[in-house]
Asker: 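Okay, handing you the structure first.
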Number of protein chains: 2
Amino acid sequence: MNSDFTLAIHSLSLLALRPDRMATSDVISVSAGVHPVRIRKVLSLLKKNGFLQTKEGTGGGFIFASEPSDITLWDIYKLTCDGALKPKCTESSEECIVGANMHNVLFSIFLGAEEHLGEYLKNYTIKEIVDLVNMRQ
Amino acid sequence: MNSDFTLAIHSLSLLALRPDRMATSDVISVSAGVHPVRIRKVLSLLKKNGFLQTKEGTGGGFIFASEPSDITLWDIYKLTCDGALKPKCTESSEECIVGANMHNVLFSIFLGAEEHLGEYLKNYTIKEIVDLVNMRQ
DNA sequence: GGAACTGTATCATTTAATATTACAGTAAGG
DNA sequence: CCTTACTGTAATATTAAATGATACAGTTCC
């Protein structure tokens, strides 16, 4: 699974814990252990979809824009790794009945698999992630 | 998703269509469009788990060992890409409550996700894949 | 106008996936 | 019993994907 997905969850959880003040990409990147540019990249995606707000310039950064209970892991999945389950089929022989059709058959099955996974991921919101993080402390 | 998974399905489907005679790794590799050594590697895994039989030497190759309707995609998933859904968390800061606990929280959620995916994949057997392939012809 | 940010493009580096080569072991058939 | 056609598997090379790093334009605040 794409690590952009976990990065997004990580960042949103961190922001959910400080709903009052902004966090810079530097602060988040230290917590997540990655390069600040990656944080900016991933979070700009979340911004475009209205999950958080940003502010440039001095004192700027990222801040939660909605309710942690309104964002599900499925929302984040769709943004960061839609199609990740899709099978990577190599160019197979068109002359063989299996080679010629396997890709399409698997594609439709995996479309269903992703939908199915979606039903599971919809059960978890950022609020629940934060609660679980707090419980472990 | 790991392409060993699709390779295994491809190979098994091909073998299911010729239950009477053996197929060599060369034949399968042409159909699947990959290197024969990879076929041998993936199929040796399937052999170890009793899904097919092999024979070395002249006239040897791979042959189905069980019923196509007895092998589900979940069986194959477990062999070829168990844990593939597991989030790739980077080393995050132990000093931050989020960084210190995110990994464990996500890990347990993804364990559940994989189980959930399993319920879906159990609905498909090699027999059904072969039927779908035939229908498309 | 300078300091502290985001936004984004580009290039470098690391890591994972896959292909290739090589060869030992096994079975069949002359 | 020797040759041919296979699997099994290790080692190495190559390619592709993920990630990191650098650079800099645009914004906001003081």
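Protein chains get the first letters and strands the later ones, always in sequence-line order, with residue 1 at the start of each. Only this structure's heavy atoms are used, side chains among them; waters, hydrogens and symmetry mates stay out.
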Asker: What is the separation between atom CD1 on A:Ile39 and atom P on D:dT19, rounded to the nearest whole Å?
Answerer: 12 Å
Asker: To the nearest Å, give me how far apart NZ (B:Lys86) and P (C:dA16) are.
Answerer: 13 Å
Asker: Answer yes or no: is there a donor N or O on one side and an acceptor on the other, between the side chain of A:Arg18 and the main chain of A:Met22, under 3.5 Å?
Answerer: yes
Asker: Give me the residues of residues 13-30 of chain B where at least one heavy atom lies under 4.0 Å from an atom of DNA chain D, by number, or none.
Answerer: B:Thr24, B:Ser25
Asker: Between P on C:dC5 and CD1 on A:Ile63, what's the gap in Å once rounded to a whole number?
Answerer: 14 Å
Asker: Is the number of heavy atoms from other residues, nucleotides or ligands under 6.0 Å of B:Lys127 NZ greater than 12?
Answerer: no
Asker: What's the CG-P distance between A:Leu46 and C:dG7, to the nearest Å?
Answerer: 11 Å
Asker: State yes or no: do B:Leu117 and B:Leu79 share one hydrophobic cluster built from I, L, V, M, F, W and Y residues joined by side-chain heavy-atom distances below 4.5 Å, directly or via other members?
Answerer: yes
Asker: Is there a path of hydrophobic side-chain contacts, each under 4.5 Å between heavy atoms, that joins B:Leu73 and B:Leu17?
Answerer: yes
Asker: Give the nucleotide from the list D:dG20, C:dT18, C:dA19 with an atom nearest to the side chain of B:Val34.
Answerer: C:dA19
Asker: Return a single string for nucleotides 21-30 of chain C, one symbol per nucleotide in 5' to 3' order, where B is base contact, S is sugar-phosphate-only contact and - is none, cutoff 4.0 angstrom on heavy atoms.
Answerer: BB--BBBB--
Asker: Are A:Ile97 and B:Ile129 connected, step by step, through hydrophobic side chains (Ile, Leu, Val, Met, Phe, Trp, Tyr) whose heavy atoms are closer than 4.5 Å?
Answerer: yes
Asker: Verify whether one side chain among B:Asp75 and B:Thr72 offers a donor that lies under 3.5 Å from an acceptor in the other.
Answerer: yes
Asker: Can you find a side chain N or O atom of B:Ser44 that sits less than 4.0 Å from OP1 or OP2 on D:dT7?
Answerer: no
Asker: Filter on ring pair (Phe, Tyr, Trp, His ring centres under 6.0 Å), then keep only pairs touching residues 116-137 of chain B, sequence neighbours left out; what's left?
Answerer: A:His116-B:His116, A:His116-B:Tyr120, A:Tyr120-B:His116, B:Tyr120-B:Tyr124
Asker: When the distance from CD of B:Gln53 to C1' of D:dG8 is rounded to whole Å, what number comes out?
Answerer: 17 Å
Asker: Roughly how many Å is it from CG in A:Asp4 to P in D:dA17, rounded to a whole number?
Answerer: 15 Å
Asker: With a 4.5 Å cut-off on side-chain heavy atoms, are A:Thr6 and B:Lys88 touching?
Answerer: no
Asker: Rounded off to whole Å, could you give me the CG-to-C1' distance for the B:Asn2 and D:dA16 pair?
Answerer: 15 Å
Asker: Would one find a side-chain N or O of B:Ser3 under 4.0 angstrom from OP1 or OP2 of C:dT18?
Answerer: yes
Asker: Please report the distance, rounded to the nearest Å, between CZ in A:Phe5 and C1' in D:dA18.
Answerer: 18 Å
Asker: Below 4.0 angstrom from OP1 or OP2 of C:dT8, is there any side-chain N or O of A:Lys47?
Answerer: no
Asker: So, A:Glu114 side chain and A:Lys86 main chain: donor-acceptor pair closer than 3.5 Å or not?
Answerer: no
Asker: Between B:Gly61 and B:Lys41, which has a closest nucleotide on DNA chain D that is more 5'?
Answerer: B:Gly61
